[in-house]
Amino acid sequence: MQEFIYYNPKELDFPLSEEILVTTNIEDTKEKNFLISNTKEVQSELNASEIEFYINNSKDSVSAKIENVLKLYEIAASKYDFAQDISYSEEVSKQLLLITNSQEEYEAFTACIMPDDFELFSVNEDIVKEISGHIGNLTVIVDDEGKDVTLNVSQIVWFDAKQIGLNQSGTFDPNLSSVEEVVQTLKENINEYSYKKFTTYDQSICQYHERREEICSKCEEVCPTVAITKDDETKTLGFSQIDCHGCGGCVSVCPSGAIDYAPSNKESLFEMSKFYEETHPLVVPEKMNIGDLNLSLKENVLPFAVEGEKFLHEASFLTLLQISGSQVIFYSDFISKGSGDAIRIVNDIYQAKYGKDAILVAMNEEELQNALEEVSFIEGSEFNFNQDTLKKREIFSHRLQKIVGDEDLGEVKTGEHVHYGLVKVNEDKCTLCLVCVGACNVDALQADASDNTLRLNPSLCTSCGYCEVSCPEADCLTIERDVIKLEPTWFKESVLAQDELFACVECGVEFATVKSVTKIADMMAPLFSHDPVKERSLYCCADCKPKIMMQNYYDQKNKGND
């Protein structure tokens, strides 16, 4: 199979690599299978519109264009290979509910459809009480003169749709596009509605999953639909892929990396980033429709096409920054809460180290042109390593450590949606019970049996606070929140508390820390002061404690018999 196809009725003024089939005749593409094409006019597994955008606008030399066009095909192929966005489908009937506010809206819609297009129901907006389900299986409860009536439909058209209609999939608002476009979409959905899996989830590092207390549910908070829901009884998350818009906002705010973006996960972003060495990456979400742009891409600017606009976070940005050795342009008309925080944090870090922003945000064509003129390489910022199998925090830590090196660059504030922190322990009160270690699911807190220490790697801490609420000691463990210390110690394990092991006074086996035994003994000694055996049992291991107690019982009994 020829994997790469370039189709354009107009001939190019420069050649392309032999690995790409070039044609000006669409008939040449019929009944053939391709992996990557430059246009939706050709049937292929993945359409990469950024290829045409680059060809039309780049000021690279001819030789660079030949090389970069092939590179864009290979980047798209890499994205396809790593994608985990499995496709699903849902059966959709012709049953359609039209919600309007006026007769004019009703007539505007019905004028664009044929009688056989849909099984049409129509209601006024003011009687709609509740909507649930998803496309293909929607339930709408309306108020019919004081009585609730349930309507079961497959799709909804709602002029100026309210939030209860937008929470789930299947509602379309003509005011956001046009009646004609909505009718076309409705017809395309009938019989079979296709959707993709946009998120993957690792519950083992989730800061919400099965915790005793709710310490995180950022993903559910930022989800614009009901694609992510939480069950506060079981502390578990539910995912409805059919209701997911694929924006990726949940990915950028997830502190541990438990949620990843299926179309371009962290492994995919890493592999794609490798193609951007010594280039200026121009990150462009799919919705930005770059085909309409007519501007000048100066030499070495290479588009980096992504599907969603909200999923990029501090680790993914830093990966692209360090591999390219350049500033990165992010062209998007919307910046998500997580991506916005990540951009500010990374820019603050780069300002502290290099004296310039890392990421140039452009939200319209004019700002994009200005960013394209400003973008430059950052001397000394290049860095790469094999980050396969590492988690989000580990990737960011490794990359940030390279920036900091041996310097003290001060500190960077984090938050309000992306959190880092520094765990502090009052060593005098810590008994090394290690409950905090068990509560930490990102391995920031560790216990070292070789020297009986509680240790912390601050760079991995998500500042979730679960260690804080789990600590049984009063005024012992606290967290300095929303800070990253740009100094070498931030990336190294430090000792928070240390103790010696206490040996059982009967058998000599070490069974607890000195401070934990001392603490219990101090509490119980006054109660046992009348009984030397009970008092001694406070310093015995679990095996010896019952032995001396039982022996004392028999001794006392024998004394009584005597």
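Fair warning: this is a prediction, and the values are worked out from it, not measured in the lab. Basis for what follows: all heavy atoms, side chains included, without hydrogens, waters or symmetry-related copies.
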Side chain to side chain contact (heavy atoms under 4.5 Å, CB included) for Gln387 and Thr319? Distances and angles first, verdict last.
CA-CA 9 Å; Gln387 62 186 47; Thr319 297; 3.4 Å; yes
Here's a test for you: under side-chain contact (heavy atoms from CB on, under 4.5 Å), which of His313, Glu314, His417 qualifies with Asp341?
His417
Under a 4.5 Å cut-off applied to non-hydrogen side-chain atoms, are Leu312 and Leu269 in contact?
yes
More than 12 non-hydrogen atoms from neighbouring residues, nucleotides or ligands closer than 6.0 Å to CD on Glu480, yes or no?
yes
Show the nearest heavy-atom pair for residues Gly133 and Asp243, with the distance to one decimal.
O-OD1, 4.1 Å
Lys266 charged N/C atom sitting above Phe270 aromatic ring, 6.0 Å / 45°
no
Are Ser264 and Lys79 side-chain neighbours, meaning at least one heavy-atom pair lies under 4.5 Å?
yes
Look only at the side chain of Asp202 and the backbone of Gly257, and say whether a donor-acceptor pair between them is shorter than 3.5 Å.
no
Can you give me the closest heavy-atom contact between Ser268 and Pro263, atom names plus distance?
OG-O, 4.5 Å
How about Phe121: does its CZ atom have over 12 heavy atoms from other parts shown lying under 6.0 Å from it?
yes
Cationic N near anionic O, under 4.0 Å, Glu473 to Lys515:
no
When rounded to the nearest 0.5 angstrom, what is the spacing between OG in Ser256 and CG in Leu460?
11.5 Å
Could you give me the CA-CA distance, side-chain angles and deciding distance for Val442 and Cys461, then say whether side chain to side chain contact (heavy atoms under 4.5 Å, CB included) is met?
CA-CA 7 Å; Val442 293; Cys461 177; 5.9 Å; no
Working to the nearest 0.5 angstrom, can you tell me the gap between Asn452 CG and Thr513 OG1?
8.5 Å
Does a side-chain heavy-atom distance below 4.5 Å link Ile323 with Arg399?
yes
Are Lys485 and Glu411 ion-paired here, with the side-chain N under 4.0 Å from a carboxylate O?
yes
Looking at Tyr193, Tyr195, Phe198, which one forms a ring pair (Phe, Tyr, Trp, His ring centres under 6.0 Å) with Tyr88?
Tyr195
Taking the side chain as everything from C-beta on, heavy atoms only, tell me whether Leu454 gets closer than 4.5 Å to Val437.
yes
Would you say Ser463's side chain and His419's backbone share a donor-acceptor pair under 3.5 angstrom?
no
Asp231-Tyr208 side chain donor-acceptor pair, cut-off 3.5 Å:
no
Side chains of Glu125 and Asn101: is there a donor and an acceptor less than 3.5 Å apart?
yes
Checking the side chain of Lys235 only, and the main-chain atoms of Glu233 only, is there a donor and an acceptor separated by less than 3.5 Å?
no
Do other residues, nucleotides or ligands put more than 12 heavy atoms under 6.0 Å from Lys402 NZ?
no
Aromatic plane relationship, Phe511 with Phe502 - under 30° parallel, 30 to 60° tilted, over 60° perpendicular
perpendicular
Counting distance only, does the side-chain N/O of Arg212 pair as donor-acceptor with the main-chain N or O of Tyr466 below 3.5 Å?
no
Any sub-3.5 Å donor-acceptor pair from Ser339's side-chain atoms to Ile335's backbone N or O?
no
Among Phe317, Phe491, Trp490, Tyr420, the one residue meeting ring pair (Phe, Tyr, Trp, His ring centres under 6.0 Å) with Phe396
Tyr420
For Ser78 and Glu271 the tightest heavy-atom approach is OG-CB, 3.5 Å
Would you mind reporting whether Val361 and Ile359 have side-chain heavy atoms less than 4.5 Å apart?
yes
So does Lys492 have more than 12 non-hydrogen atoms from other groups sitting under 6.0 Å from NZ?
no
Can you name the closest pair of heavy atoms from Val418 and Gly338 and give their distance?
CG2-O, 3.8 Å
Polar contact flag, side-chain donor to acceptor under 3.5 angstrom, Asn441-Arg211:
yes
Point-to-point distance, once rounded to the nearest 0.5 Å, from CD of Glu427 to SG of Cys430
7.5 Å
Verify, without hydrogens or angle tests, whether Glu192 (side chain) and Glu188 (backbone) share a donor-acceptor contact under 3.5 angstrom.
no
I'd like a table of donor-acceptor pairs (distance under 3.5 Å, sequence neighbours excluded) in which one partner is a side-chain atom from residues 150-157, with atom names and distances.
unit_1: Asn152; atom_1: OD1; unit_2: Thr139; atom_2: OG1; d: 3.4
unit_1: Ser154; atom_1: OG; unit_2: Ser93; atom_2: N; d: 3.0
unit_1: Ser154; atom_1: OG; unit_2: Ser93; atom_2: OG; d: 2.8
unit_1: Gln155; atom_1: OE1; unit_2: Asn189; atom_2: ND2; d: 3.0
unit_1: Gln155; atom_1: NE2; unit_2: Leu186; atom_2: O; d: 3.2

Inter-residue atom distance Glu220.CD - Leu237.CG, 0.5 Å rounding:
8.0 Å
Can you see which heavy atom on Gly308 is nearest to which on Tyr261, and at what distance?
N-OH, 3.0 Å
May I ask you to test the Trp158-Ile131 pair for a side-chain heavy-atom distance under 4.5 Å?
yes
Just by distance, with hydrogens left out, do Thr462 and Gln207 show a side-chain donor and acceptor under 3.5 Å apart?
yes
In terms of ring plane angle, is the pair Phe304 and Tyr276 parallel, tilted or perpendicular, where the classes change at 30° and 60°?
tilted
Would you say Asp85's side chain and Lys196's backbone share a donor-acceptor pair under 3.5 angstrom?
no
Rounded to the nearest 0.5 Å, how far does CZ of Arg455 lie from CG of Leu496?
9.5 Å
Residue pair Thr478 / Glu468, side-chain donor-acceptor N/O under 3.5 Å:
no
Please determine whether a side-chain nitrogen of the Lys or Arg among Lys337 and Glu221 lies less than 4.0 Å from a carboxylate oxygen of the Asp or Glu.
no
Between His398 and Phe385, the two heavy atoms sitting closest are CB-CZ, 3.4 Å
Test log, rule side chain to side chain contact (heavy atoms under 4.5 Å, CB included), inputs Phe118 and Ile190:
CA-CA 9 Å; Phe118 307 102; Ile190 289 176; 3.6 Å; yes
Ile127 backbone acceptor or donor facing Asp143 side chain under 3.5 Å
no
Could you please spell out the steps behind the side chain to side chain contact (heavy atoms under 4.5 Å, CB included) verdict for Leu138 and Leu97?
CA-CA 10 Å; Leu138 290 162; Leu97 177 65; over 6 Å; no
Side chains of Lys534 and Met549 in contact at under 4.5 Å (non-hydrogen atoms)
yes
Taking Lys287 first and then Asp333, would you say they form a salt bridge - that is, a charged N and a carboxylate O separated by under 4.0 Å?
yes
More than 12 non-hydrogen atoms from neighbouring residues, nucleotides or ligands closer than 6.0 Å to CD on Glu214, yes or no?
yes
Going by heavy atoms in the side chains, are Phe172 and Leu96 under 4.5 Å from each other?
no
Which value, rounded to the nearest 0.5 Å, describes the distance between Leu318 atom CG and Tyr350 atom OH?
5.5 Å
Side-chain donor or acceptor of Asn347 paired with backbone N/O of Ala358 under 3.5 Å
yes
Counting N and O atoms only, with roles assigned by atom type, does the side chain of Arg393 sit under 3.5 Å from a partner on the main chain of Pro255, one being a donor and the other an acceptor?
yes
